[in-house]
Student: 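Next up is a structure, given as structure tokens.
Since the model is a prediction, treat every value here as computed from it, not as a measurement. Along the sequence shown, the residues carry numbers beginning at 1.
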Amino acid sequence: MSAPAITPVFVRLKLSLLRNGLRQSGGRKAAYITSAVFALLFAALQLIGLIALRGHAHAESVVVLALAVLGLGWAVMPLFFPSGDETLDPTRLVMLPLRPRPLVGALLTASLVGIGPLFTLCLLVGSVVAVARGGAAFAVGAVAVVLALLVCVALARAVAVANVRLLTSRKGRDLAVLSGLVIAIGAQIVNFGAQRLGASGLGELDPAAEVLQWVPPASAIGAVHAVSEGSYGPAAAQLALTAGALVALLAFWSRHLTRLMTSPDGSTLPGAESAAKERSSTGLARLLPAGRTGTVMERSLRYVWRDPKTKAAWVTSLAIGLIVPVFNAWQGTGSVYFACFAAGMLGIQMYNQFGQDTSAFWMVAMTISSPRDAYVELRARAYALLLITLPYATLVTVLTTAMLGDWRRLPEALGLSFALLGAMLATGAWTSARFPYSIPQEGYKNVAPGQVGLAWISIFGGMMAAALLCAPVIALTIWLNVSADGDDWTWLLLPAGTVYGAVLTAAGLKLAAPRTARRLPEILAAVSKG
């Protein structure tokens with residue numbers, strides 16, 4: 001007796017998961033319907049735009065690059081949105097009597113149900129219409145659409161099954177938190193590329209398209225264009241390349257699925273060994289000062305590396321602090337002073353220092369019994385921040401100066417950056433004690449309900465105070481640049497800004513320490529709220 005087909009079962013399972021997920025709450029249903037409407041509307045506009053592109057000299061370059069980006073999106077989607085599709089986790093099926101090979105076909109078919117595949121199908125159809133000319137090209141286009149769609153879905157599945165242990169671990173949750181950063185950076189890159197294309201025309205895409213037309217799934221559309229041009233040999237090679245990529249992805253997926261379903265979860269086996277290794281690893285501690293200062297610095301740096309919310313905040317600040325000055329310099333519209341953006345973005349990390357500890361702050365509070373203890377705690381946290389911020393701000397300033405070729409203004413730009421950083425460390429230490437708030441550990445919210453006002457006062461009020469504290473250095477910079485012989489003395493802004501920033505930091509820590517020691521119960525209650 002032959003085994004029943006499991007593909008219809010998995011399709012019904014996928015539909016049931018979608019339907020039951022929408023029944024959980026009205027908010028989830030509204031969010032799903034809204035996102036579906038916007039996605040389908042965008043897909044329809046893409047389809048119309050691609051059809052309108054038909055006959056354009058550079059239509060092939062546009063659609064090839066679009067499909068290459070689409071394939072990249074399918075590859076990274078499981079890494080950044082592991083909870084977006086519950087069927088991406090095949091470990092849920094390990095205890096069922098299923099063979100990996102039929103399971104691959106069933107999961108591949110079920111994966112075609114959803115908004116993502118429909119959006120991809122619209123883009124593929126529009127791409128074929130944009131480049132196909134003649135009956136043969138449209139016939140090849142029908143095959144190309146199917147192959148390209150299957151390649152995209154199989155790519156997502158292969159990446160998911162190869163990284164399933166990562167996606168269900170803490171590091172996978174880190175990637176999900178950082179997905180917003182990737183989207184933000186990608187938007188900046190797309191914006192920059194659109195500006196370049198607006199100035200130079202679509203011909204700028206041709207060199208990249210010449211390469212990417214041989215990379216699946218874009219090679220499928222390359223085959224359609226080749227048939228339209230009468231180049232049947234290259235078209236056959238591009239179609240074969242796409243089909244070969246699909247076969248390779250299915251084989252890769254099947255092999256990893258077999259390994260996953262027949263081998264134990266190795267992530268928990270060497271737990272004791274990993275823990276012992278972690279306890280004996282003191283490489284970081286050896287580089288830090290002895291005593292409480294080194295301990296607090298190590299704890300702060302470990303938060304940056306391990307805590308998803310803290311890591312996301314740091315990586316976002318590092319990325320945006322580099323993108324803004326460098327992209328503006330690249331476009332020739334920037335200024336050396338834009339490099340201060342790096343110091344400003346990283347200085348924000350000093351705000352709400354105790355909120356980053358969440359409820360674990362009670363262990364820190366137990367060690368603070370005097371203003372001196374509070375001062376050492378705050379100073380060590382500032383040292384940990386400076387360990388990253390000082391070299392980073394210097395690097396961004398030097399890079400921006402080099403791109404603009406304005407080396408004469410390097411000392412004053414560095415002086416302003418260091419003064420701004422010192423002012424933000426000072427105000428950040430004070431607002432951490434005066435306006436602490438909780439950061440929820442779960443979800444994407446960075447402020448607990450009811451504390452949004454505290455967060456605004458802490459961050460934006462502190463930033464305004466930091467700008468006022470930097471006024472003397474800003475005024476000195478302006479005066480030296482407008483005076484007749486001031487250019488000979490602008491180099492003094494580097495030591496002046498450095499010393500001024502250090503003085504501000506020391507003063508801010510001194511003022512914040514007594515308040516921190518007095519308000520420990522209030523701080524603990526505020527940061528534990530979430």
Side-chain angles (χ1 to χ4, degrees), residues 313-314 316-351 382-431 459-509 511:
W314 269 94
T316 302
S317 296
L318 289 168
I320 297 179
L322 176 67
I323 288 173
V324 170
V326 168
F327 270 39
N328 279 279
W330 195 357
Q331 297 178 78
T333 60
S335 167
V336 172
Y337 302 116
F338 278 24
C340 295
F341 206 83
M345 288 299 300
L346 294 184
I348 294 176
Q349 304 308 316
M350 188 64 186
Y351 293 86
Y383 283 168
L385 190 145
L386 288 171
L387 199 61
I388 302 173
T389 304
L390 278 178
Y392 182 79
T394 303
L395 175 63
V396 172
T397 306
V398 172
L399 180 60
T400 305
T401 305
M403 294 180 67
L404 294 172
D406 195 2
W407 293 103
R408 182 179 60 84
R409 299 194 184 277
L410 176 61
E412 54 191 278
L414 279 174
L416 280 172
S417 293
F418 295 157
L420 176 61
L421 180 59
M424 297 193 75
L425 291 178
T427 56
W430 191 85
T431 58
I459 297 176
F460 291 98
M463 291 172 64
M464 292 178 63
L468 291 175
L469 289 174
C470 287
V473 180
I474 296 174
L476 179 59
T477 303
I478 296 173
W479 181 73
L480 288 177
N481 278 278
V482 300
S483 61
D485 55 350
D487 289 346
D488 297 333
W489 300 98
T490 52
W491 64 270
L492 287 174
L493 288 169
L494 176 55
T498 304
V499 172
Y500 186 72
V503 171
L504 287 179
T505 300
L509 296 175
L511 290 174

Student: When you check the side-chain N and O atoms of Y337 and T477, is any donor under 3.5 Å from an acceptor?
Tutor: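 Note: Y337 and T477 side chains miss the donor-acceptor criterion.
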Student: Indicate yes or no: at least one non-hydrogen side-chain atom of E412 is less than 4.5 angstrom from one of L494.
Tutor: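 No - every pair of side-chain heavy atoms lies 4.5 Å or more apart.
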Student: What heavy-atom pair brings Y500 and A419 nearest, and what distance separates the two atoms?
Tutor: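 In terms of heavy atoms, the two residues are closest at CD2-CB, 4.2 Å.
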Student: Compare all side-chain heavy atoms of W430 with those of L509 and state whether any distance is below 4.5 angstrom.
Tutor: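 No, their side chains stay 4.5 Å or more apart.
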Student: With side chains defined as the heavy atoms from C-beta onward, is the minimum distance between L346 and S317 less than 4.5 Å?
Tutor: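 L346 reaches S317 side chain to side chain.
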Student: For side chain to side chain contact (heavy atoms under 4.5 Å, CB included), just list the numbers for I320 and F341, CA-CA rounded to whole Å, side-chain angles, deciding distance to a tenth of an Å, and then say yes or no.
Tutor: CA-CA 8 Å; I320 297 179; F341 206 83; 3.7 Å; yes
Student: Provide the closest heavy-atom pair for A466 versus A423 in the form atom of the first, atom of the second, distance.
Tutor: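 Heavy atoms of A466 and A423 come nearest at O-CB, 3.6 Å.
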Student: Can you find a heavy atom in the side chain of L421 that is under 4.5 Å from one in the side chain of L386?
Tutor: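 The answer is yes; the side chains approach within 4.5 Å.
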Student: Run V398 and W407 through side chain to side chain contact (heavy atoms under 4.5 Å, CB included) and show every step you take.
Tutor: CA-CA 9 Å; V398 172; W407 293 103; 4.2 Å; yes
Student: Residues in side-chain contact (heavy atoms from CB on, under 4.5 Å) with L468, at least two apart?
Tutor: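 Listed in chain order: nothing, the list is empty.
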Student: With a 4.5 Å heavy-atom cut-off, do M463 and I348 have their side chains touching?
Tutor: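 The answer is yes; the side chains approach within 4.5 Å.
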Student: Which heavy atom in S335 sits nearest to a heavy atom in T400, and how many Å separate them?
Tutor: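 Of all heavy-atom pairs spanning S335 and T400, the closest is O-CG2, 3.9 Å.
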Student: Measure the CG-CG distance between L395 and L399 for me, rounded to the nearest 0.5 Å.
Tutor: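 Taking CG in L395 and CG in L399, the distance rounds to 6.0 Å.
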Student: What pair of heavy atoms forms the shortest contact from A413 to T397, and how long is it?
Tutor: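 What the structure gives for the nearest pair is CB-CG2, 3.8 Å.
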Student: Pick one: which of V473, L476, V336 meets side chain to side chain contact (heavy atoms under 4.5 Å, CB included) with L416?
Tutor: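 Only match with L416 under side chain to side chain contact (heavy atoms under 4.5 Å, CB included): V473.
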Student: What heavy-atom pair brings M424 and A343 nearest, and what distance separates the two atoms?
Tutor: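 Here M424 and A343 meet closest at SD-O, 4.2 Å.
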Student: Locate the shortest heavy-atom distance separating A429 from G508; write the atom from each residue and the value.
Tutor: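 The pair with the smallest heavy-atom distance is CB-O, 4.3 Å.
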Student: What salt bridge (charged side-chain N to carboxylate O under 4.0 Å, His left out) pairs are there with at least one residue in residues 388-407, not counting sequence neighbours?
Tutor: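 Those involving residues 388-407 are D406-R409.
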Student: Please output the side-chain donor-acceptor pairs of residues 387-394 that fall under 3.5 Å, not counting sequence neighbours, one pair per line with the distance.
Tutor:
from	atom 1	to	atom 2	distance (Å)
T389	OG1	L385	O	2.8
Y392	OH	L318	O	2.1
Y392	OH	L322	N	3.4
T394	OG1	L390	O	2.8

Student: How many angstroms lie between atom CZ of F418 and atom CG of L493, to the nearest 0.5 angstrom?
Tutor: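 Rounded to the nearest 0.5 Å, the CZ-CG separation comes out at 12.5 Å.
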Student: For residues T427 and L469, determine if any side-chain heavy atom of one lies less than 4.5 Å from a side-chain heavy atom of the other.
Tutor: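 A side-chain contact exists here, since the closest heavy-atom pair is under 4.5 Å.
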Student: Measuring only between side-chain heavy atoms, which start at C-beta, is V396 closer than 4.5 Å to P325?
Tutor: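 Counting from C-beta outward, V396 and P325 do come under 4.5 Å.
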